[in-house]
Visitor: 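Mind looking over this structure? Questions follow.
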Amino acid sequence: MSKQEKKRAGSFTLMLKRLFGVKEKERDLLKEEQMQSPFRTIVRNFVSNKVAMFGLIVFLLIFLTVFIGSAIYPLDVNYQDLTQQNVSPGFNMMDVPSELRNNAKQISAGATFSVGVDQDGKLYQWGKLSDKLKNNMPDDSQKYVQVSAGYNHALALTENGRVVTWGYDRLGLDNIPFDVQNATDIKQIFAGYQVSFAVTESGKLYYWGNPNGVSVALPSELQGNIDKVAVNLTTAFALTKDGQVVMLSNATTPFANIPEEIQGQVVDIAVNDRASAAVTADGRVYVWGTNDYGLFEVPEAVQGNAASIAGGRFHFSVLTADGSVYSWGNDIYGQASAPELTGIVELDSGYFQNYAIDADGHVTGWGLKGYLFGTDHYGRDVAMRMLSGGRMTMTIGAIAVIISTIIGVIVGGISGYYGGWIDNILMRLTEIVMSIPFLPLAIVLSAIVGNNLSELGRISMIMVILGLLSWPGLARLIRAQILSAREQEYVTAAKAMGIREFTLIFRHILPNVITVVIVNTTLSFATCLLTESSLSFLGFGVVEPSPTWGNMLNSAQSSDVIANMWWRWVFPSIALSLAVISINLIGDGMRDAIDPKSNER
């Protein structure tokens, strides 16, 4: 049979097999590998290793999350908010009880919790509640007409004019003045930061609690003429019955710059921790204080149409005469992004939450709902710090590995190729570096030099120390590989062609042992992550306020934190553990892919 006839027969046979669904016999794996390049064989072996692929997927997810997440949500390392200290994970701060959601009369938002009263006089509370708030809430034996939530305590006013308080009860917060207990004409109650206020219909103001919490200097001539009080964390303001705004403090601050043109025309006031605001009889809003977060930039739609105003931590919200709501200021948690609402009759702005109630009692809320991983002892979002801290930890580890790899490859390559006295000198140097106790040296250098460096300089020093002290293992490994490779025929042929020795080492021999370098570098990366975290945990690495996974664990050493603030150490520990384990799985998978026979040993 001629070649052409054989070809036709083969084509016809193939056509019949396809027609009748007969599958061809799969080629033998070893025969197929013989036709593949070594690199493709390594990739094939690695991909077939399910454990290594799992490690690769986990690491890529962590890597992309920390780098992309920290770019999308940049961290202000100097941000602190003591009102948000040690908040547990979860998004239940604004979970209004279903019984209140469509029957609300008034709601007040505190630091991490809220209280409300429905149209039947029943009391509710929700959010991140302390044990004292949970266990000491007033019973339902009385009807309530007004509530106010503070930093960690709350007030309620019964229908017969009695004021009750619960929650944090130290610093005199539970010592309600006798005149308040016996008053029957309480008009307004206000729970602030470790202080409480009450205003009567007769225009008298009473306050109790921590005398150092809020600076209050109440002139005697004001008593009997006060209509409303507005308080932030440090300062109190009073609105008099004749439309005057009075700062209840003698301190000279930007809050004292009350516009003269509004005096005698004010119908409502509010204050946050950066500025004060007032609504005049003609519906205009005036703001004074510090112009942070655009607090002076009152929306145009508000001017001439404002009816009342409320202040949060760093934002304001206004209820207009036609029942619409506008918010502006700091919007880090969406508290200044008011939805389009109509028919609103009651508005409250707490620290980072807002609640609007319409004529039918339906509640709409916006602002801070909670934190994914909770907050730390400075009120900082643990999740955002983990993103930025993970990027820092991985960057330091990666650069340190690059430094150590470059040094290890150069020293190991030269030592293995030349041998002789060069090999002896370089190997003795390697042994000296290996004998240096790494952590004590790093701690001493950090303590001596680190305090004189900027934050960037300190981070750079850590990367350099890690890189300069972690190359000996790789250098010895490269030396052993090159001692074997330099006797190969292709090296002899390259020498005969007159190729320079450095070119021969780094362009011909090294590529043949590069897979070993990759495996060692991968495993060293995991070691560098742990080493950096250890230094930062001990306080000798990256220091506050810049986060790393290591220094985030530094503050979680007390038994109280371990037992009661578990989220402060559990989540950073999990992230660091997953990153290190996944990198080790990748390294082990690469080693097995390069040398499949290692599985049999």
Side-chain angles (χ1 to χ4, degrees), residues 38-39 41-43 45-47 49 51-56 58-60 62-63 393-418 423 426-436 438-439 442 462-486 488 505-534 576 579-599 601:
F39 178 75
T41 302
I42 292 172
V43 172
N45 291 340
F46 183 85
V47 172
N49 188 330
V51 176
M53 286 300 297
F54 174 77
L56 178 62
V58 171
F59 176 73
L60 287 177
I62 295 174
F63 180 85
T393 297
M394 288 192 177
T395 300
I396 292 174
I399 295 178
V401 164
I402 292 172
I403 293 173
S404 66
T405 300
I406 292 173
I407 297 174
V409 167
I410 293 174
V411 173
I414 294 175
S415 178
Y417 181 81
Y418 287 103
D423 182 29
L426 292 177
M427 285 301 99
R428 299 300 79 75
L429 175 63
T430 301
E431 290 167 1
I432 291 172
V433 175
M434 289 184 70
S435 66
I436 297 174
F438 174 76
L439 279 177
I462 294 169
M463 293 187 291
V464 171
I465 292 175
L466 280 172
L468 291 179
L469 297 182
S470 56
W471 58 266
L474 177 61
R476 298 180 69 174
L477 183 63
I478 293 296
R479 171 183 176 272
Q481 294 291 321
I482 290 184
L483 281 173
S484 174
R486 72 179 184 177
Q488 300 294 326
I505 296 171
F506 297 107
R507 292 192 62 182
H508 294 274
I509 299 178
L510 187 60
N512 286 279
V513 298
I514 197 67
T515 50
V516 178
V517 177
I518 294 174
V519 173
N520 184 270
T521 301
T522 303
L523 297 175
S524 296
F525 182 35
T527 303
C528 285
L529 293 186
L530 285 175
T531 305
E532 182 281 323
S533 297
S534 300
L576 180 60
V580 172
I581 291 172
S582 62
I583 293 169
N584 283 327
L585 292 177
I586 294 170
D588 290 340
M590 293 179 67
R591 181 192 60 201
D592 296 339
I594 293 168
D595 183 15
K597 292 183 180 180
S598 64
N599 289 325
R601 293 197 292 266

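For clarity, every value in this text was computed on a predicted model and none was experimentally measured. Side chains are part of it too, since the values below use all heavy atoms of this structure and drop only hydrogens, waters and symmetry mates. Position 1 is the first residue of the sequence; numbering continues from there.
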Visitor: Tell me the closest heavy-atom pair linking Pro472 and Val433, and the distance in Å.
Guide: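 Of all heavy-atom pairs spanning Pro472 and Val433, the closest is CG-CG1, 3.6 Å.
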
Visitor: For Ser533, give me all partners under side chain to side chain donor-acceptor pair (under 3.5 Å), at least two apart in sequence or on another chain.
Guide: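 Ser533 satisfies side chain to side chain donor-acceptor pair (under 3.5 Å) with no residue once adjacent residues are dropped.
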
Visitor: Kindly compute the distance separating CD1 (Ile462) from OG1 (Thr531), expressed to the nearest 0.5 Å.
Guide: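 Those atoms lie 11.5 Å apart.
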
Visitor: Rounded to the nearest 0.5 Å, what separates atom OG1 in Thr430 from atom CG in Leu426?
Guide: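 If I round to the nearest 0.5 Å, the distance is 6.5 Å.
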
Visitor: What do the steps show when you test Met53 against Asn49 for side-chain contact (heavy atoms from CB on, under 4.5 Å), and what is the final call?
Guide: CA-CA 6 Å; Met53 286 300 297; Asn49 188 330; 5.7 Å; no

Visitor: With rounding to the nearest 0.5 Å, note down the distance linking CD1 in Ile482 to OG in Ser415.
Guide: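 Going from CD1 on Ile482 over to OG on Ser415, the span is 9.0 Å.
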
Visitor: For residues 394-407, dump all side-chain donor-acceptor pairs below 3.5 Å to protein atoms at least two apart in sequence or in another chain.
Guide:
| residue | atom | partner | partner atom | Å |
| --- | --- | --- | --- | --- |
| Thr395 | OG1 | Arg391 | O | 2.6 |
| Ser404 | OG | Ala400 | O | 3.3 |
| Ser404 | OG | Val401 | O | 2.9 |
| Thr405 | OG1 | Val401 | O | 2.6 |
| Thr405 | OG1 | Thr521 | OG1 | 3.4 |

Visitor: Any side-chain heavy-atom pair from Val409 and Trp471 closer than 4.5 angstrom?
Guide: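 Answer no - side chains too far apart.
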
Visitor: Taking all heavy atoms of Thr393 and all of Leu529, pick out the closest pair and write down the distance.
Guide: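 Where Thr393 meets Leu529 most closely, the heavy atoms are O-CD2, 3.4 Å.
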
Visitor: Atom CE of Met590 and atom CG of Asp592: how far apart are they, to the nearest 0.5 Å?
Guide: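 Result: 11.0 Å between the selected atoms.
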
Visitor: Please check if the number of heavy atoms outside Tyr418 that lie under 6.0 Å from its OH is greater than 12.
Guide: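 Yes.
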
Visitor: Does Glu532 reach the side chain of Met463, with side-chain heavy atoms less than 4.5 Å apart?
Guide: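 A side-chain contact is absent here, since even the closest heavy-atom pair is not under 4.5 Å.
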
Visitor: Taking atom CG of Asn45 and atom CZ of Arg591, what is their separation to the nearest 0.5 Å?
Guide: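 Here the rounded value is 13.5 Å.
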
Visitor: Would you mind writing out the side-chain donor-acceptor pairs for residues 581-588 within the sub-3.5 Å range, not counting sequence neighbours?
Guide:
| residue | atom | partner | partner atom | Å |
| --- | --- | --- | --- | --- |
| Ser582 | OG | Leu578 | O | 2.8 |
| Ser582 | OG | Ala579 | O | 2.9 |
| Asn584 | ND2 | Val580 | O | 3.3 |

